[in-house]
There are 2 protein chains.
Amino acid sequence: MKNNRNKTVTIADVAREAGVSAMTVSRALREPDRVSAKSLKQIRAVIDRLGYVPDPAAQALAAGRTNVIGVIVPSVTNNVFADVMRGLYDAAGNTRWQVQFGNSRYSPLEEESLVRTFLNQRPAGLVISGIDQSEETRKLLRESSCRIVQIMETTDRPLDMLVGFSHIEGARAATRHLIGRGYRHIGFLGARLDPRTQRRLEGFRDVLQDAGMMDENRIVTTPQPSTVTLGGLLMADLLSRAPDTDAIFCNNDDLALGALFECQRRGLSVPADMGICGFNDFEMMASAVPPITSVRTHRQEIGKRAMRMMVDALEGREPDETLVDLGFEVIARQSTNRPRNAG
Amino acid sequence: MKNNRNKTVTIADVAREAGVSAMTVSRALREPDRVSAKSLKQIRAVIDRLGYVPDPAAQALAAGRTNVIGVIVPSVTNNVFADVMRGLYDAAGNTRWQVQFGNSRYSPLEEESLVRTFLNQRPAGLVISGIDQSEETRKLLRESSCRIVQIMETTDRPLDMLVGFSHIEGARAATRHLIGRGYRHIGFLGARLDPRTQRRLEGFRDVLQDAGMMDENRIVTTPQPSTVTLGGLLMADLLSRAPDTDAIFCNNDDLALGALFECQRRGLSVPADMGICGFNDFEMMASAVPPITSVRTHRQEIGKRAMRMMVDALEGREPDETLVDLGFEVIARQSTNRPRNAG
DNA sequence: TTGTATGCGTTATCAA
DNA sequence: TTGATAACGCATACAA
């Protein structure tokens, strides 16, 4: 296999052309203040003319660190994380830091392996989803000298920094909303029971148990990834098991939309016969017919804050808050607007 | 800023412990056949015991190349590319090649800058979306010695290898389908007019002009990214401009779903009063009420094929086909099932 | 403000 | 089959 090395312009070439030493060029790039205005001008001109770009591998090797900020998400196809990634990207945009994604596919083992791979590259920082890292992963991270931001959840004991919200509280609020709207036989539709999903189920259980309305028959879950079609299937399953169910809390919006479609196929009126509440508040929820109630989460904002926090920390501006809860909001829409005389 | 260098186990450590030279360890890792069975066993034991992992930066610097396959997509939030990325990931999974994503945000300039960044890392290969690279980008790519796979479109003159399908033909087929179903006043809803979208519009125009049914008034587009909500707005816009429109081709499925919701709000029957056809065939199309006709594209498969092709080429197994058209299928559903007596 | 010497961890080359 | 030596391109430490 041949080298991919082409017409490599090195720092030495620049130095020679500019009539200075390689070190001065190196400094001109990283600490321009410590180089005379004259040299700086010369060097910059030569760099432009020659099209010099530093070799990141050489930089990493010599400096013992990189400008890479690793990001570990459990999925690249899940819209939730797509939004988070956008936020992370946006905030990293005009900085000198470079974002690199890794996909753990919801597997703690793959996550551990990704962390190893990243740490081997001596990243400046690591953004990692959730708080359920394996003990080995936590050890690796603690022993590394790189900064860490956990995202999408919240806890009292973050590894380092954290930006997220409480899934259990989100689910509690949604469930309370359904009760408040007069629903009494409330079910739960859940797909892919990752840790966050499980916490939502936990919150749902809490509230229903307190209200004396809990019925395990109304909990329908599947390990498959959530889709709209699956929402319809789960809804059908629930209705066959517990036909008197009058409302559902779906652990995400895909399922909620699928459930709505299933109700339409069965001639069930939403919200009169069936109340529906989703989670995440994707934009389509607002324009469904009827519009679907959901728990809005601030996914892109979480990405932005996390990256800003990371960059601040890396650039020596230690953030005031290193544990941020961005919360959630129950967006009440027609799909849970139960008529007084219903049921 | 301190080093991120920790307890680094180097190849020299392994060599010492195994009683061989560093070169032999290096060979044991890359060309085990050229190392004696005895040394190999020793070395592997020591590697395990010490937990040695090669430093990628040092490898890149010394070897003049990396095992990185760069992937440039125009969006990470667009479901289309999320699916492609999944395919790429899947196919790269058990190889020695590492995938790295870059997001050009639909900007040829950002794409060019990404290409430069990637090429600076001496990637083994580059997967790049579309065929509309800037002249400068094309030049950079041609001058580089790395392999290239263009994806998601097709052309006679690929830069190197290519896996995709024809957007213009997809749109033509969809439009013919609508005509075949008896619709006569067909409109087009389009968002974010990227090159692929524009080709779909072109195909739409072709067919309608040939059929003598073209009416520019029925083309409604916006530069905004497509959403379900936007589909509803565009549909409303179209109906106010051309109230006698009896069918629409949407340049993607989000818009189609939004258009369906808008019809529901207006009491328009789909498919009797309005035929709706989407593009991409996301899974939700099948479970909408009524199910929505769409043009199925093989996004994940494109990713898989592209990565397999790349890996084969990199490992010296030059692929038989380097220009693959994976086609598309019009999936006819109830949303375009126009009753005989309608209109 | 600038430069020199040295090392980062690995691989290519060539000789043994 | 193995090893010694010399890069790879840059940054650190220190000296001037």
Side-chain angles (χ1 to χ4, degrees), chain A residues 1-43 46-47 50-68 96 119-122 124, chain B residues 1-43 46-47 50-68 96 119-122 124:
Chain A
M1 216 183 299
K2 258 195 53 192
N3 260 1
N4 281 358
R5 221 183 293 272
N6 299 326
K7 34 134 212 190
T8 1
V9 180
T10 73
I11 204 169
D13 300 327
V14 177
R16 194 179 341 99
E17 293 280 315
V20 297
S21 77
M23 258 328 291
T24 307
V25 177
S26 176
R27 274 196 206 99
L29 256 30
R30 292 169 299 113
E31 309 167 286
D33 295 346
R34 296 187 45 195
V35 174
S36 72
K38 191 182 149 217
S39 302
L40 202 55
K41 200 179 152 198
Q42 288 257 349
I43 291 169
V46 175
I47 285 180
L50 265 45
Y52 166 74
V53 187
D55 180 332
Q59 287 182 312
L61 186 57
R65 57 185 145 73
T66 67
N67 68 336
V68 168
R96 66 187 206 78
L119 289 182
N120 244 281
Q121 294 179 50
R122 312 185 197 297
Chain B
M1 220 184 297
K2 258 196 53 192
N3 260 1
N4 280 358
R5 222 184 292 273
N6 299 325
K7 34 134 209 189
T8 2
V9 179
T10 74
I11 204 169
D13 299 328
V14 176
R16 193 177 342 98
E17 294 279 315
V20 296
S21 77
M23 262 324 293
T24 306
V25 177
S26 177
R27 275 198 204 97
L29 255 31
R30 291 169 302 116
E31 310 167 286
D33 295 345
R34 295 187 45 194
V35 174
S36 70
K38 191 184 149 216
S39 301
L40 202 55
K41 198 178 151 198
Q42 287 258 351
I43 291 169
V46 175
I47 285 180
L50 265 45
Y52 166 73
V53 186
D55 181 331
Q59 288 183 311
L61 186 57
R65 57 185 144 72
T66 66
N67 68 337
V68 168
R96 66 185 205 78
L119 289 182
N120 244 282
Q121 294 180 51
R122 312 184 197 299

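Keep in mind that the numbers below use all heavy atoms, side chains included, and drop hydrogens, waters and symmetry copies.
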What is the distance from CZ of Arg16(B) to P of dG9(C), rounded to the nearest Å? 12 Å
Gln42(B) CD to dG3(D) C1', in whole Å, measures 17 Å
Just the rounded figure in Å: distance from P of dT10(C) to CD1 of Ile47(B). 10 Å
Could you state the CG-C1' distance from Asp55(B) to dG7(C), rounded to the nearest angstrom? 13 Å
Any side-chain N or O of Gln59(A) less than 4.0 Å from the OP1 or OP2 oxygen of dA11(D)? yes
Given dG3(D), dC10(D), dT11(C), the nucleotide with the shortest approach to the side chain of Tyr52(A): dC10(D)
State which of dG3(C), dA12(C), dG9(C) makes the closest approach to the side chain of Met23(A). dG3(C)
Determine the contact category for Arg27(B): base if any of its heavy atoms lies under 4.0 Å from a base atom, sugar-phosphate if only primed atoms, P, OP1 or OP2 are that close, otherwise nothing. base
Less than 4.5 Å apart, any side-chain heavy atom of Arg122(B) and any of Thr8(A)? yes
The side chain of Ala58(B) is closest to which nucleotide in this list: dT2(D), dT10(C), dT2(C)? dT10(C)
Of the candidates dT2(C), dT10(C), dT11(C), the side chain of Thr10(B) sits closest to dT10(C)
Please report the distance, rounded to the nearest Å, between CD in Glu31(A) and C1' in dT2(C). 13 Å
Residue Arg34(B), side-chain atoms from C-beta onward, closest of dG3(C), dT2(D), dT2(C): dT2(D)
Minimum side-chain heavy-atom gap Leu50(A)-Glu17(A) below 4.5 Å: yes
Does the side chain of Arg30(A) get closer than 4.0 angstrom to OP1 or OP2 of dT12(D) through an N or O atom? yes
Of Leu29(A) and Ser21(B), the one whose closest DNA chain D nucleotide lies more 5': Ser21(B)
Here the distance between atom P of dG9(C) and atom CG of Leu50(B), to the nearest Å, is 14 Å
Check Ala22(B) against Ala15(B) and note the closest heavy-atom contact, atom names and distance. N-CB, 3.6 Å
Would you mind reading off the distance between Ile43(A) atom CD1 and dC10(D) atom C1', rounded to a whole angstrom? 15 Å
How close do Tyr52(B) and Leu29(B) get, heavy atom to heavy atom, and via which atoms? CE2-CD2, 3.7 Å
Do Asn120(B) and Pro56(A) come close enough that some side-chain heavy atom pair is under 4.5 Å? yes
Taking only the side-chain heavy atoms of Thr24(A) (C-beta and beyond), determine which of dG3(D), dG9(C), dG3(C) contains the nearest atom. dG3(C)
Any idea which of dT2(D), dA12(C), dT10(C) is nearest the Val35(B) side chain? dT2(D)
Would you mind classifying the nucleic acid contact of Asp33(A) as base, sugar-phosphate or nothing, using non-hydrogen atoms under 4.0 angstrom? sugar-phosphate
Of dT12(D), dG3(D), dT1(D), the nucleotide closest to the side chain of Ser36(B) is dT1(D)
To the nearest Å, give me how far apart CG (Leu61(B)) and P (dA11(D)) are. 12 Å
Which one of Val14(A), Thr10(A), Val46(A) satisfies the side chain to side chain contact (heavy atoms under 4.5 Å, CB included) criterion with Val25(A)? Val14(A)
For the side chain of Ser39(B), counting heavy atoms from C-beta on, which of dT2(D), dT11(C), dG7(C) is nearest? dT2(D)
Please determine if a side-chain N or O atom of Ser26(A) lies less than 4.0 Å away from the OP1 or OP2 oxygen of dC10(D). no
